[in-house]
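Below is one structure, written out as structure tokens; the observations come after it.
Numbers restart at 1 for each chain; the letters A, B, ... are given by sequence-line order, proteins then strands.
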2 protein chains.
Amino acid sequence: MNQTLPNNNTPQKFCSPISSVFLDRLVKILASSQILLNKAQLEAYAWDNTGVRAMPQCVVLAENSEQVAGVLRLCNETGVPIVPRGAGTGNVGGALASFGGVVLSTQRMNKIVEIASDDRLVVVEPGVVNGDLQSALNSYGLFWPPDPSSSKSCTIGGNIAMCSAGPGAVRYGVTRDWVLGLQAVLADGTIINTGGRTSKGVVGYDMTRLLIGSEGTLAVVTQATLKLAPKPTARRLSRVVFSSVAQATKAVAKLMTTGLPLSAIEFLDGASLNLLRQESDLTIPTAGNAMLLLEVAGGDDEIDNYANEVGKCIETFSPLEQTPPVAHEEAQEVWAARYALSPILKKLAPKRINEDVVVPVSQLSLLIEGLEEIALDVNIPIVNFGHAGNGNIHVNLLVDPNDSVIMEKVKPALARIFKLVLKLDGSLSGEHGVGTQKRDYIEWEVGRESILLQRSIKTVFDPKGIMNPGKIFPNV
Amino acid sequence: MNQTLPNNNTPQKFCSPISSVFLDRLVKILASSQILLNKAQLEAYAWDNTGVRAMPQCVVLAENSEQVAGVLRLCNETGVPIVPRGAGTGNVGGALASFGGVVLSTQRMNKIVEIASDDRLVVVEPGVVNGDLQSALNSYGLFWPPDPSSSKSCTIGGNIAMCSAGPGAVRYGVTRDWVLGLQAVLADGTIINTGGRTSKGVVGYDMTRLLIGSEGTLAVVTQATLKLAPKPTARRLSRVVFSSVAQATKAVAKLMTTGLPLSAIEFLDGASLNLLRQESDLTIPTAGNAMLLLEVAGGDDEIDNYANEVGKCIETFSPLEQTPPVAHEEAQEVWAARYALSPILKKLAPKRINEDVVVPVSQLSLLIEGLEEIALDVNIPIVNFGHAGNGNIHVNLLVDPNDSVIMEKVKPALARIFKLVLKLDGSLSGEHGVGTQKRDYIEWEVGRESILLQRSIKTVFDPKGIMNPGKIFPNV
């Protein structure tokens, strides 16, 4: 294994100002209307959902793969960092120009190129918004399963870069399970194609999945062929409250072995329920310390049968309360409870820290117990909810950035949380990725040898280290 | 992108005899009972299912990852090729010592380390036989979906090396979809771990899927954590005959969009049906030119409903014959027809050439038409059957290797077949892999740039090119 790491693999200093020579060459690749340089325009590309700001020196609005190749070639020759960006809805800083340079926005590459319903696939440009794709597929009775909570605004390219997912992952898996092939541009402007249009294929290495989740550090995806699934015609949702997380966890583990078509198994912890008691008009049993939202999806003929089987299964774990399964509008009210949490948290702690850990389902209750212990020790309120069927929990630390005493405790608290997750055979990120926010911790999970190996792979794709520098990898 | 390829990436000459110094060091790593050297013993490791013979100079029966690491370190230091081998059931020469050297058999690493049913996962050593794992899981109501036709003898390690699949892929996907994490040893003896025990995880590059399907050219897998699925309790199978492949294809495309839980959509072409008319006691309508075997799998309550919905869907494509759905024993008789084909073909043409191409479902009838045209042109009988739901067809050229006139036509015929497949947006292999059999053709599919990139990735893992040399990559 190549043990030597090029120094420029993760640059240690901010990019020097972009030269007029660079701009002279850039205007030969793009129309001037595709190049943003003034501060007011750049500001809109300086943020993502982490609340961290990083100003790019230039933003380019590429319109096709040839333009992307041209810009990459120019950046590669001049050593200017390039940061691919979708809608900027990420949670780990992946789309931020942490070392300055050029932000390459895919917002103008937003065409749905082809819908081939007989082959259950669609070909899209990376800037297509997830929700817009779903709307376009409705009339075909098909959908693309990855469903991040930002689906109304996040792009397919961003979903691919971060291997995004949402509640539906419990049944359908994540982005890597729903991409058949990619067109991508390497740092030197080489355009490659991976995978294809078939649901099977084993010719050469799995370059498609090597690019998915690589956070723009290997290549820029310029077109994607996505695998589609038949859209269930009916859904039923029920709300279940348990006295303990342990009981809820046992119920989840059991449900996961039944084969029932559960399309969501969402979890809310005791702290979440307290918030809902205070901030929503939901009535929750006072003894309730854990809530599950259970959704089944299927055909009209079977759906009620499925919902009843879920109910029967849940009864054996003696819940405090189980609402009868509901459809459509009523279901939206139940979901509203789950989705009310983020705004409530934002109101209570505008600068909350939102982590995204995952553990085996059997370890969920130990995870929540451990998190509650840490919250007490460091005196920081921690609210936990997420996708229980995957053991994927969003850990919210409600901190006030102006309280220096608290802020001093955050870093050690995060370290304790991550060590707890790894002790429980978990992973530091289920769906948000690493970016700049977790790069200092991933060695604990994947080990030094694997980081060296992965950085050597990056060097094959990007010898000069211009592709989204400073993301994923710590300086080991 | 690194354009330079190390000469030793795919060695051009056979390995020189193994030295006594090498053996002296080998016996310090393994017991003498784990080292096979005499011709009679080696002969058993000189074959796979291609019918091609390649004698190794030594076979080692490793028993744990430390021994694997020791052997790899020794081979890496001395430049001796090493070929990982499961049960040798592969169809492309992947497990053959094409350049001599050491065959590393995993047959003694056959422990099921852990079954964690609450987390729907199992931890296994690579030598575990696929069928033995399924038996061990029966009592948990769980199974591991990859189901190659060799499942009674093939190993999990072999399934991972080749990204194997079978009829069930139409519903469950392939091996890459059912592996959570791996322990693997690199050429220099470094032991790495990829993925983990969770069904979600996006920390660093997807090393798990980079190794799956890499045919032993990057690392030796020494342990695998496999994702399990709930095992359906009931199945129904029906046999449908159509007058044309076009009608059958339309029916398949429609079925794939219904969301019905089809666990197999198998296809037999006109030539296959003629063979069955002659060689089996099956009665098939004389006008029949295509047969589908349609299996649904689900819960006892819904299964008949599913089977009826499939039947109703099929009726709209006016089949010549549709048998009522059957379960269990009767189903075995229907499957017997499908599985009788290989032995029949072996009898007719012991050295038949068995290709494994895949096209989008919508292109299936054009593929079969094109194959029939080629068969007529070159006067070689071609029999086609396979996994229609994935567009994955096994193309059997019935040739007599002693007929030099025919054999001269084989290579150009294969070239025409592969060009047809690629013209139809297909792939040269759906589940068999590349090995030595397809390496001269993959550039047509993946392109020179991608091959250079993939070989540079191999060089990161295996700088001296000792890992299964001569597999996958042509000398571009």
Contacting region of Tyr441(A) [heavy-atom separation from chain B under 4.5 Å]: neither
Tell me, for Asp119(B) versus chain A, whether the close heavy atoms (under 4.5 Å) come from the side chain, the backbone, both or neither. side chain
At a 4.5 Å cut-off on heavy atoms, which part of Glu302(B) comes close to chain A: side chain, backbone, both, or neither? side chain
Pick from Thr258(B), Val361(B), Val358(B) with the largest number of heavy-atom pairs that fall under 4.5 Å of chain A: Val358(B)
Do you know which of Val434(B), Ile472(B), Asn390(B), Leu121(B) has the most heavy-atom pairs with chain A at a distance under 4.5 angstrom? Asn390(B)
Approximate separation, where rounding is to 0.5 Å, of Asp206(A) CG and Gln454(B) CD: 9.5 Å
Among Ala165(B), Gly204(B), Gly389(B), Gly299(B), who wins on heavy-atom pairs under 4.5 Å with chain A? Gly204(B)
Under 3.5 Å, is there a donor-acceptor pair between the side chain of Arg120(B) and the main chain of Met256(A)? yes
Can you tell which part of Asp425(A) gets under 4.5 Å to a heavy atom of chain B, answering side chain, backbone, both or neither? both
Examine distances only and state if a side-chain atom of Glu449(B) and a backbone atom of Ile192(A) form a donor-acceptor pair shorter than 3.5 Å. no
Quick one: does Asp118(A)'s side chain have a donor or acceptor within less than 3.5 Å of a partner on Ala253(B)'s backbone? no
Measure distances from Ser117(A) to the heavy atoms of chain B and classify the residue's part below 4.5 Å as side chain, backbone, both or neither. backbone
Do you know the tightest heavy-atom contact between Gly426(B) and Thr198(A)? CA-CG2, 4.1 Å
Using heavy-atom distances under 4.5 Å, tell me whether Leu428(A) contacts chain B through its side chain, its backbone, both, or neither. both
Bottom line for Ala187(B): the part with an atom under 4.5 Å from chain A's heavy atoms is neither
If you measure from OG on Ser199(A) to NE2 on His387(B), what distance do you get to the nearest 0.5 Å? 11.0 Å
Taking side chain as everything from C-beta outward and backbone as N, CA, C, O, which of these in Asn305(B) sits under 4.5 Å from a heavy atom of chain A? Side chain, backbone, both or neither. side chain
Would Leu453(A) and Tyr205(B) satisfy side chain to side chain contact (heavy atoms under 4.5 Å, CB included), going step by step from the backbone distance to the final call? CA-CA 10 Å; Leu453(A) 190 62; Tyr205(B) 299 154; over 6 Å; no
Check whether the side chains of Thr257(A) and Tyr140(B) place a donor and an acceptor atom closer than 3.5 Å, and report yes or no. no
Options Thr208(B), Val359(B), Leu218(B), ranked by heavy-atom pairs under 4.5 Å with chain A, top entry: Leu218(B)
